[in-house]
Amino acid sequence: MSTVTQAAAKREHKVTTRSLQRRKGGAEAFSMLTAYDHTFSRIFDDAGIDVLLVGDSVGNTVQGEESTLPVTLEEMVYHCRLVSRGARRALVVGDMPFGSYQVSSEEAVRNAIRLIKDGGVAAVKLEGGRNVQATIERIVAAEIPVMGHVGLTPQAIHRMGGHRVQGRGDEGREQVIADALAVEAAGAFAVVLEGVPAELAQEITDRLDIPTIGIGAGVHCDGQVLVLHDLLGLGDWTPSFAKTYANLGALASQAARAYADDVAQRKFPGDEHSFS
Ligand code: KIV
């Protein structure tokens with residue numbers, strides 16, 4: 001099979017929680033990107049990205065909030081629906097926003113069901129370790145696949161005192177390991193490791209049977225995730241652990257300035273853009 005045909009075949013095969021699990025420990029790591037709308041969902045799905053995460057980072061990236069905390073369940077349902085419609089092959093995972101799973105396990109199950117039924121996602125993600133073990137168990141018991149998220153958990157920004165690397169020092173390290181093990185024991189199909197030393201992420205990846213997905217966690221995880229705005233240079237700044245692969249922000253600004261100049265000078269619309 002030619003490389004092009006192989007790439008096409010790979011793109012066609014629908015990604016599921018089970019197919020991701022089969023890639024645990026594989027030589028090739030899998031890719032996850034955040035997406036918040038139909039346009040980027042289609043583009044990333046077509047590019048062969050394995051998992052699309054409708055992240056509550058929508059709060060910072062799209063809504064202009066200072067944290068993810070104000071994001072509501074209704075807003076997540078809306079963005080999940082847009083992304084689900086655009087994805088043919090990728091697994092779409094919806095973030096449970098702050099407040100939607102902390103009050104009680106019953107409420108958490110009800111809200112996870114909303115993301116599946118109305119948002120169209122195939123799995124949900126929630127932050128925390130030992131403190132959400134029972135909640136993950138309940139959601140999994142309702143036949144909803146759960147992705148965990150440990151280490152730097154942005155919904156705990158006030159407890160952590162900012163976006164700080166977690167898992168440093170013996171105690172910090174033991175905490176993150178215990179959280180990752182709890183998430184696995186609860187039945188999660190994968191876990192995001194955010195903002196932890198690379199060597200700790202490697203140890204957790206070796207110890208868990210489920211895939212780990214790193215962000216600011218080094219190269220040894222089973223998969224990697226980036227936020228769309230960091231990948232494409234659309235934000236005001238890019239965190240040191242992220243890599244900007246294209247600078248769409250600069251291109252968009254250039255295009256808008258060129259358009260404004262053309263309008264001012266009556267160069268747009270031309271005859272070809274006008275009706276006779
Ligand atoms: O909301 C988000 O974008 C996330 C990723 C950073 C993993 O949770």
Side-chain angles (χ1 to χ4, degrees), residues 20 29-37 40-41 44 49-73 75-80 82-83 90-102 111-112 115 119 121 123-129 132 136 145-157 160 162-167 176 179-180 183 188-196 201 204-205 210-218 221-232 234-235 237-244:
L20 269 195
F30 58 82
S31 52
M32 174 158 105
L33 277 176
T34 68
Y36 314 104
D37 64 22
F40 279 107
S41 170
F44 292 164
I49 297 300
D50 298 300
V51 187
L52 297 179
L53 171 66
V54 189
D56 62 352
S57 51
V58 70
N60 311 85
T61 57
V62 174
Q63 298 175 339
E65 300 284 1
E66 294 210 335
S67 76
T68 59
L69 298 180
V71 177
T72 66
L73 183 69
E75 288 162 353
M76 287 308 301
V77 167
Y78 171 73
H79 287 284
C80 284
L82 306 188
V83 173
L91 178 75
V92 181
V93 179
D95 245 343
M96 297 196 69
F98 180 65
S100 70
Y101 59 94
Q102 287 87 352
N111 290 334
L115 289 177
V121 298
V124 300
K125 176 170 84 58
L126 56 88
E127 297 180 10
V132 291
I136 295 178
V146 174
M147 178 181 282
H149 183 160
V150 304
L152 193 170
T153 47
Q155 291 178 17
I157 186 172
M160 294 182 304
H163 289 93
R164 297 174 180 283
V165 172
Q166 303 292 299
V176 179
D179 283 338
V183 162
F189 73 93
V191 60
V192 170
L193 305 179
E194 177 168 357
V196 297
I204 294 172
T205 301
I210 57 173
T212 59
I213 305 168
I215 176 161
C221 296
D222 299 297
Q224 294 289 330
V225 53
L226 272 186
V227 168
L228 179 161
H229 287 61
D230 296 337
L231 177 93
L232 299 178
L234 288 169
W237 65 288
T238 306
S240 63
F241 57 79
K243 179 169 169 183
T244 297

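When a residue number appears, it is its place in the shown sequence, counting from 1. Whatever order the structure lists them in is the order used to number ligands and atoms, beginning at 1.
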Practice prompt. Go through the steps to decide whether D56 and M76 satisfy the test side-chain contact (heavy atoms from CB on, under 4.5 Å), and finish with yes or no.
Written response: CA-CA 7 Å; D56 62 352; M76 287 308 301; 4.3 Å; yes

Discussion item. Evaluate Y36 against S57 for side-chain hydrogen bond (donor to acceptor under 3.5 Å, both in side chains), listing each step before the verdict.
Written reply: CA-CA 9 Å; Y36 314 104; S57 51; 2.7 Å; yes

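Q155 has its side chain within reach of Q102: a pair of non-hydrogen atoms, C-beta onward, lies under 4.5 Å apart. Two residues are said to be in side-chain contact when any heavy atoms from C-beta on lie closer than 4.5 Å; L91 and F189 meet this criterion.
Counted by atom type alone, E75 and Q63 present one or more donor-acceptor pairs between their side chains at under 3.5 Å. Using a 3.5 Å distance cut-off with no hydrogens or angles, the side chains of N60 and E65 do not pair a donor with an acceptor.
In this structure, Y78 places its OH atom where only 12 or fewer heavy-atom neighbours from other residues, nucleotides or ligands lie under 6.0 Å away.
Taking every non-hydrogen atom of L53 and a distance limit under 4.0 Å, the qualifying atoms of ligand 1 come out as 2 (C), 4 (C), 5 (C), 7 (C), 8 (O). Listed by number with element, the atoms of ligand 1 under 4.0 Å from a non-hydrogen atom of D95 are 1 (O), 2 (C), 8 (O). Heavy-atom contacts of G55 reach the following atoms of ligand 1: 1 (O), 2 (C), 3 (O) (cutoff under 4.0 Å). Heavy-atom contacts of H149 reach the following atoms of ligand 1: 8 (O) (cutoff under 4.0 Å).
With a 4.0 Å heavy-atom cut-off, ligand 1 is reached by the backbone of D56 and by its side chain too. Residue I215 touches ligand 1 through its side chain alone, judged by heavy-atom distances below 4.0 Å. Contacts between I213 and ligand 1, counted as non-hydrogen atom pairs separated by less than 4.0 Å, are absent for every part of the residue.
Considering backbone and side-chain atoms alike, T34 places every N or O at 3.5 Å or more from each N or O of ligand 1. Polar contact check, E127 against ligand 1: no nitrogen or oxygen pair lies under 3.5 Å apart.
Scanning the protein heavy atoms around atom 8 (O) of ligand 1, the nearest turns out to be K125 NZ, 2.9 Å. Closest protein heavy atom to atom 3 (O) of ligand 1: S57 OG, 2.5 Å.
Counting only distance, with no hydrogens or angles, the side chain of H229 and the backbone of L234 share no donor-acceptor pair below 3.5 Å.
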